[in-house]
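Below is one structure, written out as C-alpha cells; the observations come after it.
The chains referred to below are lettered A, B, ... by the order of the sequence lines, with proteins before strands, and numbering in each begins at 1.
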There are 2 protein chains.
Amino acid sequence: MEAEINLSESLEDYLEAIFNLIKENGSARVTDIARYLEIAASSVNQGLKKLNQEGLISQEKYGPIKLTKSGFKAAEKIYCRHKILYIFFNKTLGVSKKNADQDACSIEHALSEESFSKMVEYLIKNNYIEKKNCAFEMNTEKEEVKMTAEQLMLDKIKVGSKVEVVKIESKGRLKRKLMDMGLNRGAKVEVKGKAPMGDPIEIKVRGYSLSLRRDEAAEILVKEV
Amino acid sequence: MEAEINLSESLEDYLEAIFNLIKENGSARVTDIARYLEIAASSVNQGLKKLNQEGLISQEKYGPIKLTKSGFKAAEKIYCRHKILYIFFNKTLGVSKKNADQDACSIEHALSEESFSKMVEYLIKNNYIEKKNCAFEMNTEKEEVKMTAEQLMLDKIKVGSKVEVVKIESKGRLKRKLMDMGLNRGAKVEVKGKAPMGDPIEIKVRGYSLSLRRDEAAEILVKEV
DNA sequence: GATTAGTTTTAGGTTAACCTAAAAATTGGG
DNA sequence: CCCAATTTTTAGGTTAACCTAAAACTAATC
C-alpha cells in the first residue's frame, strides 16, 4: 500500500527518540537524542545522516532536526507499536512498567504485522484502546495520548494561546534581532492577534507588545505550555 | 542463581539450531546448521568457535559437534522460550503458525524474564501448558514435546530397542573396523543384549549378529527410530 | 589405495553500529 | 564584538556477524 522504507533497528530507534523528544520538548537536538539513547553524540550524527538520505528528516549542518512528512508518519508508526506493546505487556500480562517498556523497545522492530494487529484486536476487545482511523488513540489511565509531535512555529499558533520559545531557527542578523526582542529560549509568548492575511502578528513577550512579520514568526520554534 | 553466560543473539541462534538438529537427526553438522539458519558454512564455523570458547559445545577439528552439559542447558532454555512464545502467539492470539514461529525467533532473545514468566503463568492458567519441574512440558495438540536432545551413543541404548546409526566418531583403524562391520550411516541396529558389566554388547546389524566392546559402542552415535 | 564428491576450515573482505578525540560552529554573557 | 562553554561535526578507529573463494580434510566408491 505504502512506499515501505526498510529501516534498521537503530535507525528506527533514532526516529522514535526524535519523535518523543519533539513531543516533550518541542525539539530534538543531537545531544538530547544521544542522552535519550545513551550513545555518543557522534553516533547519533551518523544515524541522522542516514535518516536524511532516506528523506525522513531534514537537517542542514548545525541546523535543527525536523521530521519530514514521511519521517513523521514512520515515527508515529513506531511510536504506536511501542505503545501497543507496552499496554499489552503491562495491562494484560501484568508486567512491570519498566520491563514492559524495555521489552516493547526491543520487540517493536521485529514483530510481524500480523502479531501486532492481533494484539490490537485483543486490546480493543478488552477495551484497553479504541480504534480511530488508521492510528490508535490510547485511553488507558484516563490519559489521552495525543499523536502530534510536529514542530510548531510561531506563525501557526492560534490567537489567544500561550506558548514557550524553544529555538530560533534563523541565523545571523535576523536571529540577533529576534533575540534582542526577548525571544530567547524559554521565553513565554502570548499571541494577541493577527492581521487579516496573518501578517503582521501581534505578540506579547516579557510584558512587551511586539509585532512580527509572518516570515519572522515562522522562524521561531515554540511548544505548547 | 546460575552462572549466567551472556550470549549474543546469533550465538543463541546457533545453539538453538544445534539443539533442534540433534533432536531431529541425532547430530548437527556444520552444513546442517548453515542450511537451517540460511547462512554460509564458514560463518557457522566461526560461531562454533565462540561457542567452544564459552564451553557450550565441544568440538575438535573436523569432529562432530557435541553439546556440553551447560550448552545443553542453555539451548534447552532458548528452546523453551521459543516454544512458549510460539504457543502464546499461535494459540492465544491466533497468529498464523508461520508468523508465530518467526516472531518467536526474533523475540526469544530479547524478552525480559518477567514478561516471559508472565506469559507462562497465563498459558498455565489457560491450560495450554503444564508446569513440570523447572522446564515445561507442552501438551498442545496432544503432542508431548520431549525435552531431550542429548546425543545418544550406542552403549547407552537399552536392550531390545532399535536405533539408527548417525555417525561413527572415532577415526582411523577403529572407524574402518566398525564400518566394515556394516555400521554405516543409516544402518539399523538392534541391541540384543549386554553382559553384566555392560561389556561386551550384543547387537544385530543388517541381519548379522555382532559383539562390540563398550568403548567401541561409545563411539557410535545413534538416534531413536 | 586412488579418485571424486562433499564437508570443514582458513584467509581475507564487507558492512552496520558503535566508539574516542579533536576540530568547527553556535550560544550566551560581559 | 569577543570569549568561554556547549553543541555539532569530522576523522579515524573497533567489533560482531556476515560473506566468497580456496585450501584441507573426510567419506565412499572403484
Got B:K66 and B:L221 here, is their nearest side-chain heavy-atom distance under 4.5 Å?
-> no
Under 4.0 angstrom between [X] side-chain N/O and [N] OP1 or OP2:
X     : N      : result
A:K49 : D:dT10 : yes
A:K61 : D:dT10 : yes
A:T31 : D:dT8  : yes
A:S42 : D:dT8  : no
A:Y62 : D:dT10 : no
A:N45 : D:dT9  : yes
A:S8  : C:dA16 : no
A:Y14 : C:dC18 : yes
A:Q46 : D:dA11 : no

With a non-hydrogen cut-off below 4.0 angstrom, is B:K50 in contact with a base, only sugar-phosphate, or nothing?
-> sugar-phosphate
Atom-to-atom span, [atom1] of [X] to [atom2] of [N] - whole angstrom:
X      : N      : atom1 : atom2 : value
A:I65  : D:dT8  : CD1   : P     : 7 Å
A:E60  : D:dT9  : CD    : C1'   : 15 Å
A:R185 : C:dT27 : CZ    : C1'   : 10 Å
A:L48  : C:dA17 : CG    : P     : 13 Å
A:M179 : C:dT26 : CE    : C1'   : 10 Å
B:I39  : C:dT9  : CD1   : P     : 14 Å
A:E12  : C:dA16 : CD    : C1'   : 15 Å
B:R35  : C:dT7  : CZ    : P     : 7 Å

Taking atom types as modelled and ignoring hydrogens, do the side chains of B:Y14 and B:K50 form a donor-acceptor contact shorter than 3.5 angstrom?
-> no
Do you see a donor-acceptor pair shorter than 3.5 Å between the side chains of B:Q102 and A:S112?
-> no
Would you kindly compare A:S43 and B:Q59 by the position of their nearest DNA chain C nucleotide and give the one closer to the 5′ end?
-> B:Q59
Between A:I168 and A:V44, whichever has its closest DNA chain C nucleotide further toward 5' is A:V44
Check ion pair [X]-[Y] (N to O, under 4.0 angstrom):
X      : Y      : answer
B:E114 : B:K118 : yes
A:K192 : A:E190 : yes
B:R81  : B:E113 : yes

B:S10 has its side chain closest, among D:dC18, C:dC18, C:dT8, to D:dC18
